Amino acid sequence: MLEQLAHIGRDPKTGGYVRDAWSAADLELREWFAGEAGRRGLALREDPNGNLWAWWGTPSPERPGVVTGSHLDSVRQGGAYDGPLGVVSAFAALDLLRERGVTPAVPVGVACFSDEEGARFGVPCVGSRLLTGVLPPERALALTDDDGDTLADVLKRAGREPGGLGRDDGTLAAVGTFVELHVEQGRGLVGEGRPVGVAGAIWPHGRWRFDFHGRADHAGTTRLADRDDPMLPLARMVLAAREAAERRGVVATVGKVRVSPGNANAIPGEVAAWLDARGADEEAVRALVAELSEGAQVREESWTPVVTFDPALRDRIARAAGGDTPAPILPTGAGHDAGILAAAGVPSAMLFVRNPTGVSHSPGEHAERADCEAGVVALADVLEELCR
């Protein structure tokens with residue numbers, strides 16, 4: 001299944017993937033998901049927020065199901081495993097349950113969440129945030145991409161009805177438990193010497209937009225003393241972010257900058273930069289952002305507080321996935337749809353598959369086939385345990 005997806009949205013020059021939400025690549029991936037669901041006789045549904053659900057059995061509020069899955073969109077120039085490994089492993093785990101002759105006592109679902117990465121509109125986990133009511137639909141519809149198109153515009157072009165966005169209690173009531181498998185974004189399992197681990201908690205994290213204003217002018221004829229160049233406060237902010245992150249024990253990244261008007265021979269008039277900050281201590285993350293905000297217009301675009309997965313469910317899954325020895329429990333600085341659902345009160349957990357280099361959000365992302373297969377077996381064992 002990973003090979004079937006390998007060509008979709010791939011940049012032939014870099015080997016990385018560009019799978020923006022609601023792009024042609026994303027729509028092709030959705031068709032692939034529908035095809036895999038159909039081949040297995042699963043009932044397919046797309047909820048009003050664009051999330052896909054494939055059900056083995058019929059869930060209801062009185063009989064909610066066990067759901068697994070992840071997402072298929074990517075960061076720009078991302079890797080082959082972040083997202084797709086969780087969806088592919090979900091289908092493979094269902095296949096394995098059927099080979100074992102398992103008859104689940106509750107429905108089993110495979111989910112594919114929409115726009116998890118936020119690469120196009122700047123807000124991560126749009127599908128699950130809308131589903132749970134964390135992201136107001138009016139704000140979501142007004143989000144714009146780099147071309148100035150709103151999410152509302154994009155949804156209409158994709159044949160969707162934007163007016164239906166928002167918290168969906170009916171869909172949420174169908175999910176009794178959610179388990180997301182994901183490639184590890186880090187090297188914790190390498191140190192543990194284990195192919196599969198379990199998430200204990202997700203660090204608090206957020207994105208902020210910084211706007212710096214100056215005066216556009218000629219690069220050759222304007223004296224240095226006469227310039228009002230917004231690139232200078234941006235440069236100071238980037239360096240200060242690194243220094244403050246080291247001092248406060250968190251991580252901070254400026255990975256996206258937009259310069260206007262963007263001429264090589266002109267002093268820019270405006271600069272926008274996006275700061276991603278994360279850490280184990282929420283107060284330290286917030287303090288870092290406040291420290292950097294002087295002299296700039298700052299707008300918080302997303303924030304996710306710390307998510308601690310339910311200890312009883314976490315330990316139960318660690319035992320089910322670990323064989324003779326419970327799987328190791330690891331924290332993570334990466335956000336996931338499982339974290340959004342957990343924060344909304346849905347019992348949720350995560351499995352990680354070993355990443356030998358720790359590299360992620362990059363074409364260099366990798367997982368060994370044997371470890372991926374171990375992940376499928378572990379996920380099937382977990383689903384069998386939860387479906388009794």
Side-chain angles (χ1 to χ4, degrees), residues 19-23 26-27 29-30 33-34 44-55 59 61 64-65 67-75 82-83 86-87 109-145 149-178 180 182 202 204-209 299-305 307 334-348 350:
R19 294 166 169 169
D20 284 0
W22 303 108
S23 65
D26 188 39
L27 294 175
L29 291 164
R30 288 168 172 271
F33 184 94
L44 179 67
R45 175 177 176 265
E46 180 174 320
D47 71 26
N49 297 303
N51 305 307
L52 298 174
W53 307 84
W55 284 103
V67 181
T68 184
S70 189
H71 62 96
L72 292 173
D73 65 304
S74 75
V75 298
D82 180 359
V87 176
V110 177
C112 177
F113 286 98
S114 176
D115 197 3
E116 192 269 357
E117 296 291 2
R120 184 168 189 175
F121 297 102
V123 175
C125 299
V126 169
S128 56
R129 288 178 190 270
L130 284 168
L131 170 69
T132 57
V134 176
L135 177 62
E138 57 273 14
R139 185 190 168 206
L141 291 171
L143 294 172
T144 57
D145 63 14
D149 291 328
T150 66
L151 176 58
D153 298 331
V154 170
L155 287 173
K156 289 175 184 176
R157 287 203 295 268
R160 269 63 176 185
E161 175 48 58
L165 268 60
R167 182 177 172 90
D168 184 353
D169 289 316
T171 297
L172 281 173
V175 184
T177 308
F178 179 64
E180 180 173 4
H182 206 280
I202 297 176
H205 55 279
R207 295 182 190 178
W208 291 263
R209 173 172 169 159
R299 183 171 75 245
E300 181 177 294
E301 292 196 339
S302 69
W303 172 254
T304 303
V307 175
H336 301 281
D337 293 305
I340 303 297
L341 294 183
V346 177
S348 303
M350 292 193 71

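These numbers come from a predicted model, not from an experiment.
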Identify the heavy atoms of [X] and [Y] that sit nearest to each other, and give their distance.
| X | Y | value |
| --- | --- | --- |
| G339 | I202 | CA-CD1, 3.8 Å |
| P162 | L141 | CB-CD2, 3.6 Å |
| L131 | L172 | O-CD1, 3.6 Å |
| A111 | V87 | O-CG2, 4.3 Å |
| A173 | P64 | O-CB, 3.4 Å |
| L165 | A140 | CD2-CB, 4.4 Å |

Please tell me if the side chains of [X] and [Y] come closer than 4.5 Å, counting only heavy atoms from C-beta onward.
| X | Y | result |
| --- | --- | --- |
| S114 | R30 | yes |
| L27 | W22 | yes |
| V307 | H336 | no |
| V67 | V346 | no |

For this session: State, without any angle test, whether D168 and T171 hold a side-chain donor-acceptor pair at a distance under 3.5 Å.
Result: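 Yes, a side-chain donor-acceptor pair sits under 3.5 Å.
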For this session: Show the numbers, then the answer: is there a side-chain contact (heavy atoms from CB on, under 4.5 Å) between L341 and F113?
Result: CA-CA 11 Å; L341 294 183; F113 286 98; 3.8 Å; yes
Problem set entry | R45 and D47 ion-paired at < 4.0 Å |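 Here R45 does not pair with D47 in a salt bridge, since their nearest N and O are not under 4.0 Å apart.
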Exercise. Any ion pair linking D153 and R157 (charged N to carboxylate O, less than 4.0 Å)?
Worked result: no
I'd like to know if the side chain of [X] and the backbone of [Y] have a donor-acceptor N/O pair within less than 3.5 Å.
| X | Y | answer |
| --- | --- | --- |
| S74 | R19 | yes |
| R207 | G122 | yes |
| N51 | G127 | yes |

Problem set entry | Spacing of T304 atom OG1 and I340 atom CD1 [to the nearest 0.5 Å] |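 So the OG1 of T304 and the CD1 of I340 are separated by 4.5 Å.
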Exercise. If you round to the nearest 0.5 Å, how far is CD of E161 from CG of L155?
Worked result: 9.0 Å
Problem set entry | Qualifying salt bridge (charged side-chain N to carboxylate O under 4.0 Å, His left out) pairs with a residue from residues 111-132, counting only residues at least two apart or across chains |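 For residues 111-132: R120-D145.
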For this session: Show your reasoning for whether side-chain contact (heavy atoms from CB on, under 4.5 Å) applies to D82 and H71.
Result: CA-CA 8 Å; D82 180 359; H71 62 96; 3.3 Å; yes
